[in-house]
Amino acid sequence: QVQLVESGGGSVQPGGSLRLSCSISGLTLDFKGIGWFRQAPGMEREGVACISSSDGSTYYVDSVAGRFTISRDNGAYTVYLQMNDLKPEDTAVYYCATGGPEAFSAGDYLLRENWYDYWGQGTQVIVSS
């Protein structure tokens, strides 16, 4: 049984930082992409960051590039999203996702929801003063 469990969300003031974790079990991540998505109230879910387990390459949506960093602990089957300089518009429920076809290198295709087979339950991030 494949499980993805996100953690690390919370409330933070603008300019603050959070690190989200996604623990993955029941699935080998060889040649897979892993993505972080977010959904704000009343908005569609959007992909924000992704990583390829094949070559470790990463890709970000423009709105978070330079502020967010996705990384992977291969041994622990955990993927992280370090979020710095948080802004109120980053407020959302954040989800991780994996599975899908082989992903040899990260790109915008890994920020598409329909690429992935498995999703976590989400973790809330609130950025407010």
Side-chain angles (χ1 to χ4, degrees):
Q1 181 181 0
V2 178
Q3 284 191 317
L4 287 73
V5 180
E6 301 97 336
S7 60
S11 295
V12 65
Q13 292 186 339
S17 298
L18 285 173
R19 189 176 82 154
L20 307 184
S21 300
C22 173
S23 178
I24 302 169
S25 60
L27 175 74
T28 178
L29 294 179
D30 293 348
F31 306 111
K32 294 299 184 186
I34 303 102
W36 280 99
F37 291 75
R38 67 185 180 187
Q39 188 168 22
M43 304 290 285
E44 293 188 353
R45 189 155 54 184
E46 66 166 342
V48 297
C50 56
I51 186 168
S52 164
S53 64
S54 299
D55 65 357
S57 58
T58 59
Y59 187 86
Y60 302 89
V61 70
D62 287 347
S63 59
V64 309
R67 300 188 296 122
F68 290 12
T69 303
I70 187 171
S71 62
R72 180 188 166 195
D73 181 335
N74 290 345
Y77 269 54
T78 302
V79 177
Y80 304 99
L81 186 67
Q82 177 67 43
M83 306 187 295
N84 298 328
D85 190 23
L86 282 161
K87 307 177 185 224
E89 53 263 41
D90 296 318
T91 295
V93 178
Y94 283 72
Y95 302 87
C96 61
T98 192
E102 292 178 342
F104 295 103
S105 188
D108 62 359
Y109 69 98
L110 287 180
L111 295 185
R112 297 174 192 161
E113 286 188 66
N114 59 6
W115 182 267
Y116 297 101
D117 296 324
Y118 306 105
W119 292 81
Q121 82 291 346
T123 186
Q124 177 75 59
V125 171
I126 298 173
V127 185
S128 174
S129 55

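The chain is numbered in sequence order, starting from 1.
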Exam field: side chain Glu6 to backbone Cys96, donor-acceptor pair closer than 3.5 Å: yes
Would one find more than 12 heavy atoms of other residues, nucleotides or ligands at under 6.0 Å from atom CD of Glu44? no
Could you tell me whether the side chain of Tyr116 and the main chain of Leu110 form a donor-acceptor pair under 3.5 Å? yes
Applying salt bridge (charged side-chain N to carboxylate O under 4.0 Å, His left out) to Glu113 and not counting sequence neighbours gives Arg45
Centroid-centroid distance, Trp36 to Tyr94, less than 6.0 Å: no
Let me confirm one number: the CG-OG distance from Leu18 to Ser11, rounded to the nearest 0.5 Å. 8.5 Å
For Asn84 and Ser17, indicate whether the former's side chain and the latter's backbone hold a donor-acceptor pair under 3.5 Å. no
Should Val125 and Leu20 be marked as a side-chain contact (heavy atoms from CB on, under 4.5 Å) after you check the CA-CA gap, both sets of side-chain angles, and the distance that decides it? CA-CA 9 Å; Val125 171; Leu20 307 184; 4.0 Å; yes
Going by atom types alone, do Asp73 and Thr78 pair a side-chain donor with an acceptor below 3.5 Å? no
Steps toward side-chain contact (heavy atoms from CB on, under 4.5 Å) verdict (Gln82, Ser71): CA-CA 8 Å; Gln82 177 67 43; Ser71 62; over 6 Å; no
Using the salt bridge (Lys or Arg N to Asp or Glu O under 4.0 Å) rule, collect all pairs that involve residues 15-38, keeping only residues at least two apart or in two chains. Arg38-Glu46, Arg38-Asp90
Using a 3.5 Å distance criterion without hydrogens, assess whether the side chain of Ser57 forms a donor-acceptor pair with backbone atoms of Ser52. no
In this structure, would Val2 and Ile34 fall into the same cluster of hydrophobic residues linked by side-chain contacts under 4.5 Å? yes
Under a single-linkage definition using a 4.5 Å side-chain heavy-atom cutoff for Ile, Leu, Val, Met, Phe, Trp and Tyr, are Tyr95 and Val61 assigned to the same hydrophobic cluster? no
Are the side chains of Leu86 and Phe68 in touch, meaning some heavy atoms are under 4.5 Å apart? yes
When rounded to the nearest 0.5 angstrom, what is the spacing between CD1 in Ile24 and CG in Leu4? 5.0 Å
If you group Ile, Leu, Val, Met, Phe, Trp and Tyr by side-chain heavy-atom gaps below 4.5 Å, do Val79 and Tyr77 land in one group? yes
Non-neighbouring partners of Ala65 that pass side-chain contact (heavy atoms from CB on, under 4.5 Å), sequence neighbours left out: Tyr60
Would Val93 end up clustered with Trp119 when hydrophobic side chains under 4.5 Å apart are linked, directly or stepwise? yes
Is a donor on one side and an acceptor on the other found under 3.5 Å between the side chain of Thr98 and the backbone of Gly33? yes
